[in-house]
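Here, residue 1 is the first one in the sequence, and each next residue gets the next number.
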Amino acid sequence: MIDYRTFTLANGLQVVHHYDDATSHVAVNLLYDVGARDESPSLTGMAHLFEHLMFGGSVNVPDYDHAIEMAGGSNNAWTSNDFTNFYDIVAAENLDTALWAESDRMLQLAFSPQSLEVQRNVVMEEFKQVCINKPYGDFGHRLRKLLFRTHPYRYPTIGKELAHIEHVTMDDVQRFFYTHYAPNNAVLAIAGPVEFDQVLERVQYWFGDIPRRDIAPRMYEAETPITSPRREVVDADVPQSRIAIAFHMAAHGAPGYREADLITDILASGNSSRFYRRLVMGTDLFTAADASISGSEEPGFLMVTARLRRDDEETLRKAEDALWRELDNLVNEHVADYELERALNRFESNRTFAHINYLSKAQALAKAVMRGEDINEVVPAYRSVTPEDIKRTAAGIFVPDRSCTLIYKVR
């Protein structure tokens, strides 16, 4: 149980507060409702670029990192297809410093040509390291292109191609900033030994005068259902052959989402999972097998992946058949009560341990408020899932005609 209180400023900034006296530090977490899905298809990677640009100085704080470090703090950020998140950790008595710095870059970045050039080069080098010069580096690009034809989920957060970031202009940057980074498009979470009344006062002081902005509407259409199998085989310089089979699934919070999440735990979470016992240890085909969901705010995907012990065609065929047998088992048979209970216990314990830290609680609370959900109702909702729900959801997802298969073969 996480105790929290919320309030909203007149400019639309939503704020969530959690009092935690187990630490002398405070976490200030600012979650923006902007990610790769908000980019133009001809100019991708902007949200990720802004993750970097937001540290390049604002109108009154020329060096963001220096301001936080001088207060004895630290900071970082992450970007997804749905959200961009920034966080600061400072001693509780230095809360004002973090609020000052965060509010200033929400108000207006410095928009320095030098900062843009520096951060552009940083992001371009990251693209090369992660997507070009690394085995399986183009996996996300290839798989998403198979899964999505119209929705912006068809390209990963880092961007569709290097040229998009290479050619971004200052006008592009300013336009993207003023239509997404605004108080009415964000949730501020504060967790630490600071009382609610103090948070209310200081947040109003630092953020209250920042004007609302017109947020760019999301103009793309929903992805059309897959009606025939999609498949790509890649000959590449990779250490092992790899198979991925992916399927569309429900958005976060929609019917079927929790069931799909639990399905991946039943299949591949821990040494007692089906994949580990039946595929990795039970055959001589696999060195690893996994299952996961994208966890996205709009309909995303569930995928199973495996790396193979050998690279011949017979092993590839047998391995793919073995993966499908495990998926078909979920469609045709109810999971045992103990198996579902084990997955639920693992989910609850992982979630409980993940929320021990005050920073993780701040981030989780920010997401919950952004989604309009009660963070304390998540585990009970998962525990309401039955074996019948798992079987029904599996039957709706694991349909061969709706599958996308990506295979890497050793060149």
Side-chain angles (χ1 to χ4, degrees), residues 2 4-7 9 13-36 47-58 61 63-107 109 119 122-123 126 157 177 180-183 185-194 196 198-199 202-203 206-207 210 295 297 351 353-371 375:
I2 300 177
Y4 65 93
R5 296 176 67 180
T6 63
F7 61 92
L9 300 186
L13 178 65
Q14 298 180 81
V15 186
V16 56
H17 166 262
H18 167 70
Y19 182 80
D20 187 347
D21 60 3
T23 176
S24 60
H25 288 71
V26 63
V28 174
N29 190 90
L30 193 55
L31 181 69
Y32 288 96
D33 190 13
V34 56
H48 179 242
L49 175 62
F50 259 90
E51 177 191 326
H52 293 261
L53 284 175
M54 292 285 269
F55 294 95
S58 54
V61 185
D63 188 335
Y64 191 92
D65 287 339
H66 180 73
I68 299 299
E69 288 167 3
M70 288 300 290
S74 60
N75 61 83
N76 213 328
W78 53 260
T79 312
S80 72
N81 284 78
D82 299 308
F83 301 127
T84 306
N85 190 78
F86 301 91
Y87 63 87
D88 311 283
I89 300 172
V90 294
E93 57 266 29
N94 292 332
L95 171 64
D96 271 330
T97 300
L99 295 178
W100 163 63
E102 284 290 2
S103 64
D104 200 63
R105 62 179 175 181
M106 178 187 282
L107 175 67
L109 292 183
Q119 299 306 330
V122 169
V123 171
E126 183 179 348
T157 303
F177 176 81
H180 292 101
Y181 297 85
N185 203 40
V187 174
L188 174 65
I190 298 175
V194 185
F196 177 81
Q198 181 185 354
V199 168
R202 302 320 294 165
V203 169
W206 290 111
F207 287 87
I210 301 175
E297 298 303 297
R351 188 174 176 86
F353 285 118
H355 292 170
I356 288 177
N357 180 273
Y358 61 99
L359 172 61
S360 63
K361 281 189 279 193
Q363 296 199 17
L365 284 166
K367 270 193 177 182
V369 170
M370 182 71 79
R371 290 165 168 165
I375 196 171

* Structure fact -> Minimal heavy-atom distance between Thr23 and Asp20, with the atoms involved, is CG2-O, 3.7 Å
Would you mind writing out the side-chain donor-acceptor pairs for residues 26-34 within the sub-3.5 Å range, not counting sequence neighbours?
unit_1	atom_1	unit_2	atom_2	d
Asn29	OD1	Asn85	ND2	2.8
Asn29	ND2	Asn85	OD1	2.6
Asp33	OD1	Arg37	NH2	3.4
Asp33	OD1	Arg218	NH2	3.2

* Geometric cation-pi criterion, Arg105 with Phe55: 6.0 Å, 45° -> yes
* Would you mind reporting whether Val203 and His17 have side-chain heavy atoms less than 4.5 Å apart? => no
* **Shortest non-hydrogen contact between Val61 and Ala67, atoms and distance** => CG1-CB, 3.9 Å
* Looking at Lys361 and Ile356, what are the two nearest heavy atoms and their distance? -> CE-O, 3.7 Å
* To do: Mind checking the OG1-NE2 spacing from Thr84 to His180? Nearest 0.5 Å is all I need.
  => 9.5 Å
* Asked: Is any side-chain heavy atom of Val199 closer than 4.5 Å to a side-chain heavy atom of Tyr19?
  -> no
* Asked: For the side chain of Asn94 and the backbone of Thr97, is there at least one donor-acceptor N/O pair under 3.5 Å apart?
  -> no
* Structure fact -> For Ala47 and Ala36, the nearest pair of non-hydrogen atoms, with its separation, is CB-N, 4.0 Å
Donor-acceptor contacts, no H, no angles, side chain residues 69-77, under 3.5 Å, sequence neighbours left out:
unit_1	atom_1	unit_2	atom_2	d
Asn75	ND2	Asp65	OD1	3.4

* Of all the heavy-atom pairs spanning Ile68 and Ala98, show the shortest one and how long it is. => CD1-CA, 4.1 Å
* Distance-minimising heavy-atom pair for Ala92 and Pro193 -> CB-CG, 3.7 Å
* To do: Could you label the plane-to-plane angle of the Phe177 and Phe50 rings as parallel, tilted or perpendicular, counting under 30° as parallel and over 60° as perpendicular?
  => parallel
* Asked: Does any non-hydrogen side-chain atom of Ile210 lie less than 4.5 Å from one of Leu13?
  -> no
* Asked: Is there any salt bridge (charged side-chain N to carboxylate O under 4.0 Å, His left out) pair reaching into residues 84-97, and which pairs are they, with sequence neighbours excluded?
  -> Asp96-Arg202
* **Donor-acceptor pair between Glu102 and Tyr64 side chains, under 3.5 angstrom** => yes
* **Donor-acceptor contact below 3.5 Å, side chain Glu297 vs main chain Asp82** => no
* Measuring from Asn185:CG to Met106:CE, what's the distance to the nearest 0.5 Å? -> 9.0 Å
